[in-house]
Amino acid sequence: MTVAREPDGLAELLPQWHRLRDEEGGEPLRALLAVIAEQVDRVRDGVAQQYDDWFVESAAEWVLPYLGDLVGYRPLPGYERVLATGLRDGGLPDSSRRRLAEALAPRRDVAATVGNRRRKGTLALLEELSQGVAGWPARAVELSRLVAHQQPVKLYGSGTEAADERRRGRGRLVDVREGAALDTAGGPFGTVARSVDVRRVDSPRRQGGYTPAGVALFVWRLRPYAVTRAPAYCIDRARHLYTFSILGNDTPLVTRPEPEPSAAHIAAADNVPAAIRRRQLHDRLADYYGPGKSFVIRRDGHDTPVPLSDLVVADLSDWRYRPRRGQIAVDPELGRLAFGARAAPRQGVWVDYHYGFGDELGGGEYPRERVTAPDAAFYRVGPGQAFQRIMDAYGAWQHDRRAGRCGPDGIIEITHSGAYQEQLDFDLDPGDRLELRAAEGTRPVIRLLDWYSNRPDALNIRAAEGDCAPGERPRMVLDGLLVTGRGLNVTGPMGSLVLRHCTLVPGWSLEPECAPHSPEEPSLVLDRTTACVEIDRCILGTIQVIGDEVSTDPLPVHLRDSILDATGHDREALSAPDCRHAHAVLYAHRTTVIGEVHTHAVQLAENSIFTGRLHVARRGIGCVRFSYVPPGSRTPRRYRCRPDPAAPGDAARVRPLLRGERYGTPWYGQLAAGCAPEIRRGAEDGAELGAYHDLYQPQREDSLRARLAEYTPAGSDAGIVFVT
């Protein structure tokens, strides 16, 4: 651990008259002692680190393999590369090295080596390895116990009654009268036996595993994310039909995982983020419904949930099922609600629920890193706060700013996950720095409706026209918001526009099956502005740039760890009107672009996916590296991009296959299982290309397979089965 630096520590030890003489001469002695003190601090840190290196909890990264070697620990695949890239020039940046080292997780793996060997071959250990090594919840199942076989008659009556009962129950064929068992058949919680399958569990083509030696580790890679006290969306007011999602789309509900009671416990359906099935919810409704559980329903502004006795689980496909009087029908597989005649809400419905998604992208209630100016003025919006509307808080900040009661930094913070339906127009003066953000643990929704009949109703950010220094141009930040109904328009001499952890719904809004409502409409319009656009961990639709290509410089557009979705591979994700080249310079880092890009130039694109053609006007500047670019694209120079021009026959094979291309689905933007290895492992550090690069899923999978091979008994057929 590094101690605090004291550059003047040695100078303070000098007698007073030496310091006075040194001050008269310009303090050269103090400067010399500061350099010596820096080296003393380094020596002190080195001595302290030598003591810390004796313990796996505090040892440096390079020491961990040596500590593990003392107990016979074998480093995970790829960890040598992490160390090597930190030693040679031109390796991975420090932040990428740290993320990759955390994904491989050698520290806790080394610490648990001795304990894990004592539990080798147990199912609970395999589940613990999945969580500890890869960070994935899992359930281990002995598939050999689910293989159907004929019972020898001669064994009956040869033992106790309990032994005979176990023999009759093990490996028996399906009973069509057991609906609950049939509902979970073939999955991680299935109990129905099936005939033998000679294919191995880890077969790269089609998995089997139902053999006398089969062991499957069912893994959940989608994470559960919470939505608390959010308004439900009313599909049909006459029939009182609602969806859990405020966007009106179908959202499968997932379980809020409960911690396992002990290390020897085998994971159950309550311990993993599994999708809630109708039959499962019907049989165990009390385990999933209620405060602190998987979902809650409130109505008419009451704090108390709807009574459990009023709920009925039903199939609401096509909305054919009609609940009885006083009942509320719930469909967890579609995320739908239907109220009976006497249970119809009069003042709205509010829900708490959990949904599955791949990573912390877009607006959500997950923790977000943020830096707040120390002298910023706060204006909080929400129930129990000083302001109930966003524009009221903005008006108060504008009044205080012009009256001189606050500085240029203003923060409007929304304190709950409600929906705000108001026209938002932000007019910024030179020097203004405004941030509109969600409070920690909230996901507010901004619904932009049809307020005017003669003009678009977008969220407008306008900078006052006039001559001002580039350093005085206003800055606007949006953080943690979900914007639906319309897009975002930016005009005027802006300094910068920053979008962090935001969702600008592609296609403005969603249909029930997650189809975009207006697929050709842009989510962000940069209309004759000078703003430098920074987009970090966001999901948004088309970016349209309207500018003067003669007298102004191209706008810089930075995309990091984001999904830019034009709702179609042949639609424009970044362009000017009429599919002309946008007057912008693109910087794309670990980004997935669904659609075509027509821009002035690409300064740098790395570890990214472009599903549509990439066409730049200036090829002489910039670079595209470690990315997928479709054939026929016009790009600057490329370095190790896919498909390889030297192998034209691989173009059809080496292309990104996305598991879901519609925003609102749990697997949105993720690579499919059949995607080519050149895409799944084509990044600079061996991770996958695109917005989910930082999950390091290939490395996690390799690490888990290596540990399975080490800790499963000899002769067993163990493999990984990805549930999500």
Side-chain angles (χ1 to χ4, degrees), residues 56-57 61 64 68 73 75-79 81-82 95-113 115-116 123-140 188 216-226 254-260 263 265-267 270-275 354-361 364 366-369 537 561 590 659 666-667 669-671 673 680-681 683 685-688 690-711 718-724:
V56 68
E57 295 86 355
E61 290 182 359
L64 291 173
Y73 169 80
L76 295 172
Y79 189 63
R81 183 178 180 180
V82 177
S95 58
S96 297
R97 286 184 59 247
R98 285 194 299 269
R99 289 194 298 266
L100 183 54
E102 291 173 0
L104 296 177
R107 189 179 303 273
R108 56 189 171 188
D109 206 20
V110 172
T113 298
N116 289 345
L123 297 181
L125 173 61
L126 300 184
E127 296 177 359
E128 188 174 324
L129 287 174
S130 178
Q131 183 65 54
V133 174
W136 295 331
R139 173 179 169 84
L217 188 65
F218 291 90
V219 170
W220 284 263
R221 290 183 293 182
L222 293 184
R223 305 177 183 180
Y225 293 98
V254 301
T255 305
R256 177 181 181 269
E258 297 288 342
E260 297 187 45
H265 181 266
I266 303 300
D270 300 337
N271 307 126
V272 295
H354 292 75
Y355 65 96
F357 199 64
D359 197 11
E360 297 172 351
L361 297 180
Y366 51 83
R368 298 178 289 270
E369 296 182 1
R537 302 196 72 82
D561 305 291
R590 303 171 302 276
R659 175 73 172 83
W667 41 84
Q670 288 196 326
L671 296 179
R680 294 182 61 248
R681 301 175 182 268
D685 50 8
E688 67 180 67
Y692 297 97
H693 166 275
D694 283 357
L695 291 180
Y696 290 103
Q697 295 195 109
Q699 286 87 347
R700 294 176 188 269
E701 182 179 347
D702 292 343
S703 301
L704 183 55
R705 292 188 186 279
R707 288 297 176 252
L708 279 181
E710 181 178 356
Y711 287 105
I720 304 173
V721 180
F722 292 109
V723 182
T724 60

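Note that the numbering runs from 1 along the sequence shown for the chain. Only this structure's heavy atoms are used, side chains among them; waters, hydrogens and symmetry mates stay out.
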Exercise. Could you walk me through whether Arg680 and Glu701 pass the salt bridge (Lys or Arg N to Asp or Glu O under 4.0 Å) check?
Worked result: CA-CA 12 Å; Arg680 294 182 61 248; Glu701 182 179 347; 3.2 Å; yes

Problem set entry | Gap separating the CG atom of Asp702 from the CD atom of Gln699, nearest 0.5 angstrom | 7.0 Å

Problem set entry | Leu217 to Ala138 - nearest heavy-atom pair and separation | CD1-CB, 3.8 Å

Problem set entry | Distance, nearest 0.5 Å, that separates CZ of Arg223 from CG of Asp359 | 4.5 Å

For this session: Quick one: pull up CG in Leu129 and CZ in Arg707 and give me the separation to the nearest 0.5 Å.
Result: 8.0 Å

For this session: Quickly, which of Trp667, Trp220, Phe218, Trp136 forms a ring-ring contact (aromatic ring centres under 6.0 Å, His included) with Phe722? Name it, please.
Result: Trp136

Seminar exercise, completed: For Arg537 and Glu360 the tightest heavy-atom approach is NE-O, 3.1 Å

Seminar exercise, completed: Closest heavy-atom pair, Ser130 versus Leu704, reported as atoms and distance to 0.1 Å, is CA-CD1, 3.6 Å

Exercise. Ignoring hydrogens and geometry, is there a side-chain-to-backbone donor-acceptor pair from Glu258 to Asp270 under 3.5 Å?
Worked result: no

For this session: Look up atom OH in Tyr355 and atom OH in Tyr225, then write down how far apart they are to the nearest 0.5 Å.
Result: 7.5 Å

Exercise. What heavy-atom pair brings Val110 and Thr113 nearest, and what distance separates the two atoms?
Worked result: O-OG1, 3.1 Å

Seminar exercise, completed: Smallest heavy-atom separation, Val721 atom then Ala216 atom, equals CG2-CB, 4.1 Å

Exercise. Is a side-chain donor or acceptor of Arg139 paired with a backbone partner of Pro188 at a separation under 3.5 angstrom?
Worked result: yes

For this session: For residues Ala134 and Arg700, report the shortest heavy-atom separation together with the two atoms involved.
Result: O-NH1, 2.6 Å

Exercise. Does a donor on one side chain and an acceptor on the other come within less than 3.5 Å for Asp561 and Tyr692?
Worked result: no

Exercise. Would you say Leu125 and Asn116 make side-chain contact, with heavy atoms under 4.5 Å?
Worked result: yes

Exercise. Got Arg221 and Gln697 here, is their nearest side-chain heavy-atom distance under 4.5 Å?
Worked result: yes

Exercise. Does the side chain of Thr724 reach to within under 4.5 Å of the side chain of Arg659, using non-hydrogen atoms?
Worked result: no

Exercise. Does Pro273 offer a backbone N or O that forms a donor-acceptor pair with the side chain of Thr255 under 3.5 Å?
Worked result: no

Exercise. NE2 of His354 to CZ of Arg256: how many Å apart, nearest 0.5 Å?
Worked result: 5.5 Å

For this session: Check Val272, Asn271, Val219, Leu222 against Pro137 for a side-chain contact (heavy atoms from CB on, under 4.5 Å) and give me the one that passes.
Result: Val272

